[in-house]
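Comments concern the structure below.
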Amino acid sequence: MASNIEIKYIEKSTIDSVDFSNLPFGSVFSDHMLECDFVNGEWKIPVIKPYTPITLDPSSKIFHYGQSIFEGMKAYKDSDENTMLFRPLENFKRLNKSAERLMIPAIPEAIFMDGLKKLLEIDNQWIPKNEGSSLYIRPFMFASGNGFHASPANAYKFVICTAPSGAYFAGKIKVLIEEKYARAANGGVGFAKAGGNYAAQFYPTQLAIEKGYNQVIWTDDNTHQYIEEAGAMNIFIRINNTLITSPTSDRILDGVTRKSIIQMSKDLNIDIEVRKISVSEVVAAAQNGSLKEMFGAGTAAVISPISGFGYQNKDYDLPELTKPYASLLKKAITDLQTNKTEDPYGWRVML
Ligand code: COI
């Protein structure tokens with residue numbers, strides 16, 4: 001068991017000011033946060049304390065060199081008020097994979113898991129019960145050590161904040177297939193959840209928004225011929241009755257929702273292929289009517305259907321299906337996450 005955890009309770013909860021029937025995504029924060037410092041070569045005792053600003057030296061390396069990584073997870077409540085997480089160890093492992101690439105010291109499993117469980121126990125009332133809402137959990141680590149030398153810091157912070165949240169996207173999204181900018185390159189940090197990967201998306205995404213799209217479909221940096229990700233999500237494309245998703249690589253995030261969908265598709269007898277998919281294949285399928293669906297997949301948005309895409313100054317619409325795979329898979333995964341169905345995989349972790 002962890003570790004000691006030092007606990008400082010909030011004097012007065014702010015929960016009464018929250019409208020749980022109308023939650024935005026990630027902008028209302030629960031009473032407490034967990035903070036743990038790495039100093040003098042070791043992780044100190046984690047502290048759970050009221051949600052408060054973090055004070056840093058202006059020369060902290062996070063500000064200058066972006067040495068920062070994060071995870072996205074969710075906690076759910078079923079109708080009997082049981083609390084659960086979905087595959088939390090996958091997030092723990094990926095955080096440390098990102099940490100290694102960004103030269104951030106690995107966080108011990110006991111601090112991550114026991115700290116998270118204790119935080120959820122203390123802020124249990126903040127976990128929404130209503131359908132479509134959950135407690136979004138944001139574990140992150142960054143360089144708090146200071147100095148302008150461009151080298152790894154000597155001090156870090158691991159923090160977990162939580163936010164009761166509703167849907168990430170309001171409806172279907174219209175996307176633009178990117179031909180100039182790239183999200184990631186071979187040998188780079190695309191596979192990691194580095195904060196900078198997301199910051200670098202903002203400008204090309206803004207250009208796409210100005211043209212009337214909601215998100216960018218990322219293509220490979222070398223040729224822009226292959227589809228890689230959808231905004232901050234992995235991507236799935238259905239041609240006829242086959243679902244296709246790009247293989248993970250240096251450039252593609254090993255999404256927990258992505259790999260859960262691959263497994264569940266197999267078990268639902270959906271034909272699924274993990275392979276490179278070219279833009280020309282998708283455009284040809286759109287032209288001959290075999291392109292049935294495209295959707296993004298990630299923790300925050302779960303499954304986000306795409307209504308159409310733009311490519312080389314032409315727009316392509318996707319058909320409205322009565323029983324899309326997107327809805328089938330979204331129901332299957334959220335039912336599993338919220339304890340409405342059996343969990344043959346052992347993915348659900350009851351707290
Ligand atoms: C998630 O799906 O949790 C992500 O990490 C995407 C994030 C940018 C909201």
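Position 1 is the first residue of the sequence; numbering continues from there. Counting convention: from 1, in listed order, for ligands and their atoms alike.
Residues meeting the ring-ring contact (aromatic ring centres under 6.0 Å, His included) test with F202, sequence neighbours left out: none.
Taking the centre and axis of the six-membered ring of Y136, the NZ or CZ atom of K74 falls outside the cone set by 45° and 6.0 Å.
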Can I303 and F236 be said to form a side-chain contact (heavy atoms from CB on, under 4.5 Å), step by step?
-> CA-CA 9 Å; I303 285 181; F236 287 79; over 6 Å; no

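A heavy-atom cutoff of 4.0 Å around ligand 1 is satisfied by the protein residues F70, G72, Y136, R138, Y168, K193, Y198, A232, G298, T299, A300.
F148 and H64 have perpendicular rings, their planes meeting at more than 60° on a 0 to 90° scale where under 30° would count as parallel. Using cut-offs of 30° and 60° for the angle between ring planes, the H32 and Y9 rings count as perpendicular.
In this structure the side chain of W218 never reaches within 4.5 angstrom of the side chain of R251, judged on heavy atoms.
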